[in-house]
Number of protein chains: 2
Amino acid sequence: MTITLKDIAKISGVSAATVSRVLSDDPRISGATREKVLARIRESGYRVNDIARSLKTRRTNTIGFIAPLLAEEFFMTVAQGVEDELRAQGFHMLIASSKEDPRIECECIELMTRRWVDGLILIPCAGDGSRLARLAKSRVPLVLVDRLLKGFRADAVVVDNAQGTRRAVARLMERGITRVGFIGASRKISTARDRYRGYVQAHRDHGIALDPAIVKFGDFHQESGYGLMRELAAMKRPAGGVFIANHYMYLGAAQYLLESGNIYRHDYAIINFDEMSATPVIRLAKLTVSQPSREIGAGAARMILGRVRGERTGPPETLTLGTGLVAHDDAYSLNSMINKPGA
Amino acid sequence: MTITLKDIAKISGVSAATVSRVLSDDPRISGATREKVLARIRESGYRVNDIARSLKTRRTNTIGFIAPLLAEEFFMTVAQGVEDELRAQGFHMLIASSKEDPRIECECIELMTRRWVDGLILIPCAGDGSRLARLAKSRVPLVLVDRLLKGFRADAVVVDNAQGTRRAVARLMERGITRVGFIGASRKISTARDRYRGYVQAHRDHGIALDPAIVKFGDFHQESGYGLMRELAAMKRPAGGVFIANHYMYLGAAQYLLESGNIYRHDYAIINFDEMSATPVIRLAKLTVSQPSREIGAGAARMILGRVRGERTGPPETLTLGTGLVAHDDAYSLNSMINKPGA
DNA sequence: CTGTTAGCGCATTCAA
DNA sequence: TTGAATGCGCTAACAG
């Protein structure tokens with residue numbers, strides 16, 4: 001027995017339309033009736049039924065957000081940025097994870113679309129954009145975040161992964177470390193591809209030949225980083241440095257170095273990508289490429305709302321944010337570890 | 001101009017009611033018409049409008065999930081557990097974060113309720129349950145997760161925080177470490193309170209007097225752990241061990257110990273609460289109390305669905321899961337650090 | 001400034 | 001087994 005707008009109309013002695021107008025702050029309503037109606041609303045504990053409203057207006061004030069996983073700090077920091085911005089603008093957020101599986105991703109999109117989300121923010125999984133063709137043809141605005149899709153133009157918010165990587169690797173080279181290993185992920189993912197590209201560019205910039213033997217591709221997860229670091233460490237001619245393409249691979253690599261005791265034997269100059277809450281505690285990396293993850297999310301939210309509100313029309317735009325580069329002079333190293341304990 | 005159920009009825013030469021029945025797998029529909037209608041649906045690319053359906057059925061197949069923050073691994077691992085279970089059962093998840101602010105929390109609840117969520121899973125912020133009185137009186141099922149609220153009975157999924165802490169601290173005491181410091185959070189949060197209780201119990205169990213000077217309360221965040229660890233380290237008579245009440249405080253404490261170089265001077269026997277992805281890499285703790293975070297989420301999802309479907313009625317139930325205790329024999333320590341580099 | 005009218009797209013009585 | 005009629009709660013013309 002929920003109380004409806006019509007009930008309010010009745011007990012206020014006005015029409016339903018008037019109540020509706022009060023609810024939506026229609027300017028051409030007299031102060032008197034507005035007060036009266038608001039009073040009845042307050043007394044009665046009436047609450048709008050957003051579903052009914054949506055059926056009529058064809059807008060749900062809801063944005064869908066789909067990420068490969070929920071329990072990853074980068075994705076969820078982006079999500080937090082999105083949510084903050086959306087809530088500030090009166091929007092809801094429907095969330096789902098694709099498990100890096102295009103089929104699940106499609107299913108999520110389908111379900112959210114059925115629920116009439118006003119727009120969709122997507123951190124896509126690997127592959128090209130063909131699976132999104134139908135969505136693109138529908139009228140539902142879409143913003144791609146973090147990763148781009150081959151052969152698919154859409155609004156997007158990304159960082160300059162190639163440039164961030166290139167600069168970091170170059171920095172190492174300028175310090176005289178020319179043999180730098182690479183621990184990355186499948187190039188079916190644009191960020192993985194671009195980070196690899198930046199790594200290659202740095203070599204070209206410095207006229208250094210790239211040794212394929214120390215270039216390893218895995219899958220952005222901890223186990224992968226662990227395994228690839230082990231491979232790298234097993235080489236007869238070890239690398240002087242290593243670029244590790246994301247936070248979880250860095251965790252895995254670090255775990256290997258610590259568990260194996262390798263860290264006490266060889267002083268790798270490590271570059272890691274992503275500055276997360278645990279980064280200051282790991283302290284194995286000399287250089288960290290950071291991303292403004294929260295801003296990425298906020299930017300995506302603003303972008304989608306621009307479309308939803310019709311403030312922005314026309315061809316897709318891409319917002320490219322820059323990366324940061326943080327040097328850790330306090331990183332562990334063979335030398336510092338030998339020296340410090342004496343202190 | 002989206003195509004509707006009525007359109008399908010027309011092109012199929014049947015009534016809207018029939019199409020509706022086909023859509024909901026009504027058993028008393030002839031195989032022939034069912035096939036025919038399904039064919040038209042497929043050809044036309046028709047898709048149900050869930051909003052209209054919800055207005056009619058008063059169910060949205062959507063569960064709201066509210067956590068203090070999105071970008072924290074524990075909360076999001078719970079969220080992942082919830083989402084997996086919900087999606088398997090055909091439900092959506094609306095998500096929001098309260099920022100540990102009861103006012104924002106209330107606002108989120110209000111907004112989700114207006115959108116007719118079928119149920120609400122809440123990791124509440126500090127305080128008592130009075131703010132939820134209205135929600136409790138409404139017909140919307142609620143499941144509390146992780147934290148309980150004083151003076152408020154509701155379905156809940158928690159772990160035995162006191163027991164987990166008690167056992168871990170006891171373990172340290174049995175190894176002869178009797179002076180154990182405490183780094184915890186505000187006792188306005190039930191988990192913080194219970195972990196403190198477990199710490200106190202361990203002392204009582206072993207007949208050890210508790211020294212208030214080494215018991216510190218902060219706020220579950222990194223900065224707090226950092227600051228409290230510094231206070232502890234500054235004591236003239238240092239503790240032999242420290243219990244640190246959650247992952248982020250542990251990160252902060254670890255950061256302090258490393259930055260200050262204190263770790264090279266004093267070998268704290270550390271217990272930390274929560275096993276997260278970075279835990280194996282930090283390696284400062286000798287003992288870790290783990291929680292089945294994903295299972296907590298899955299359990300909460302099952303619990304709320306039981307209510308939503310009316311399979312479960314009657315008084316609130318509490319599902320209490322156990323904690324794990326992991327020993328890290330490979331943890332750093334002053335001795336290991338001095339010895340290893342020689343290798 | 002306010003009321004009347006007419007649906008939004010679907011599920012569900014009640015008849016047939 | 002199927003159809004016709006009705007309304008969920010709200011907004012948006014169009015009048016007045």
Side-chain angles (χ1 to χ4, degrees), chain A residues 1-38 40-41 44-62 90 111 113-118 138-140, chain B residues 1-38 40-41 44-62 90 111 113-118 138-140:
Chain A
M1 280 310 351
T2 53
I3 153 163
T4 75
L5 179 148
K6 208 181 286 181
D7 298 328
I8 299 294
K10 197 173 304 170
I11 63 176
S12 307
V14 298
S15 75
T18 300
V19 178
S20 173
R21 288 183 186 119
V22 170
L23 250 30
S24 52
D25 274 322
D26 192 312
R28 45 176 210 197
I29 210 94
S30 82
T33 51
R34 155 168 294 120
E35 289 318 315
K36 184 176 58 181
V37 171
L38 284 178
R40 297 294 153 278
I41 288 180
S44 61
Y46 163 75
R47 302 161 68 206
V48 191
N49 180 336
D50 274 343
I51 296 291
R53 179 179 276 181
S54 289
L55 181 60
K56 184 68 193 175
T57 60
R58 313 185 73 77
R59 300 184 71 246
T60 55
N61 277 6
T62 302
L111 288 173
T113 304
R114 282 175 41 169
R115 279 217 81 68
W116 284 83
V117 291
D118 293 336
S138 83
R139 57 170 218 334
V140 182
Chain B
M1 284 317 15
T2 56
I3 152 162
T4 75
L5 180 148
K6 207 182 286 179
D7 298 327
I8 297 295
K10 198 173 303 169
I11 63 176
S12 307
V14 299
S15 76
T18 301
V19 178
S20 173
R21 287 181 185 123
V22 170
L23 250 31
S24 54
D25 274 321
D26 192 311
R28 43 170 214 203
I29 211 91
S30 83
T33 51
R34 156 168 294 124
E35 288 317 314
K36 185 176 58 181
V37 171
L38 284 177
R40 298 292 153 278
I41 287 180
S44 61
Y46 163 76
R47 303 160 69 206
V48 192
N49 180 335
D50 274 345
I51 295 292
R53 179 177 277 180
S54 289
L55 180 60
K56 188 70 193 171
T57 61
R58 315 184 73 76
R59 299 184 70 245
T60 55
N61 277 6
T62 302
L111 287 174
T113 304
R114 282 175 40 169
R115 278 217 82 65
W116 285 84
V117 291
D118 293 336
S138 82
R139 63 178 210 328
V140 182

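A note on names: the letters A, B, ... follow the listed sequences, proteins ahead of strands, and every chain is numbered from 1.
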Which whole-number value in Å describes the distance from [X] [atom1] to [N] [atom2]?
{"X": "A/Tyr46", "N": "D/dC10", "atom1": "OH", "atom2": "C1'", "value": "7 Å"}
{"X": "B/Ile3", "N": "C/dG9", "atom1": "CD1", "atom2": "P", "value": "11 Å"}
{"X": "A/Arg58", "N": "C/dG7", "atom1": "CZ", "atom2": "P", "value": "15 Å"}
{"X": "A/Ile8", "N": "D/dC10", "atom1": "CD1", "atom2": "C1'", "value": "13 Å"}
{"X": "A/Lys10", "N": "D/dC10", "atom1": "NZ", "atom2": "P", "value": "13 Å"}
{"X": "A/Trp116", "N": "C/dG9", "atom1": "CH2", "atom2": "P", "value": "7 Å"}
{"X": "B/Lys6", "N": "D/dG3", "atom1": "NZ", "atom2": "C1'", "value": "14 Å"}
{"X": "A/Ile51", "N": "C/dG9", "atom1": "CD1", "atom2": "C1'", "value": "13 Å"}

Can you tell me how far the OG atom of A/Ser30 sits from the CD atom of A/Glu35, to the nearest 0.5 Å?
->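 Interatomic distance, A/Ser30 OG to A/Glu35 CD, rounded to 0.5 Å: 9.5 Å.
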Hey, what do you get for CZ (A/Arg34) to CG (A/Leu23), rounding to the nearest 0.5 Å?
-> 10.5 Å
Measure the shortest side-chain to side-chain distance between [X] and [Y] over non-hydrogen atoms and say whether it is less than 4.5 angstrom.
{"X": "B/Arg53", "Y": "B/Asn61", "value": "no"}
{"X": "A/Leu111", "Y": "B/Asp50", "value": "no"}
{"X": "B/Tyr46", "Y": "B/Leu5", "value": "yes"}
{"X": "B/Thr60", "Y": "A/Arg115", "value": "yes"}

Side chain A/Ser20, main chain A/Ala16, donor-acceptor under 3.5 Å = no
Do A/Lys56 and D/dG9 have a side chain to base donor-acceptor pair shorter than 3.5 Å?
->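 No pair found.
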Among D/dG3, C/dG9, D/dC10, the one nearest any side-chain atom of A/Ala52 is D/dC10
From the list D/dA4, C/dT4, C/dG9, which nucleotide is the closest neighbour of the side chain of A/Ser15?
->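 Of D/dA4, C/dT4, C/dG9, C/dT4 is nearest to the side chain of A/Ser15.
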B/Val14 or A/Asp50, whichever maps to the more 5' nucleotide of DNA chain D | B/Val14
Map A/Gly13 and B/Arg47 onto DNA chain C by nearest heavy atom, then report which one ends up closer to the 5' terminus.
->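 The residue mapped nearer the 5' terminus is A/Gly13.
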Does anything in residues 18-32 of chain B reach DNA chain C, meaning a heavy atom under 4.0 Å, and if so which residues?
->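 Hits under 4.0 Å, by residue number: B/Ser20, B/Arg21.
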Looking at A/Thr57, does any N or O in its side chain come under 4.0 Å of the phosphate oxygens OP1/OP2 on C/dC8?
-> no
What does A/Thr33 touch in the nucleic acid at a heavy-atom separation under 4.0 angstrom: a base, only the sugar-phosphate, or nothing?
->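 Sugar-phosphate: the residue A/Thr33, judged by heavy atoms under 4.0 Å, touches backbone atoms but no base.
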Sugar-phosphate, base or nothing in reach of B/Leu5, heavy atoms under 4.0 Å = sugar-phosphate
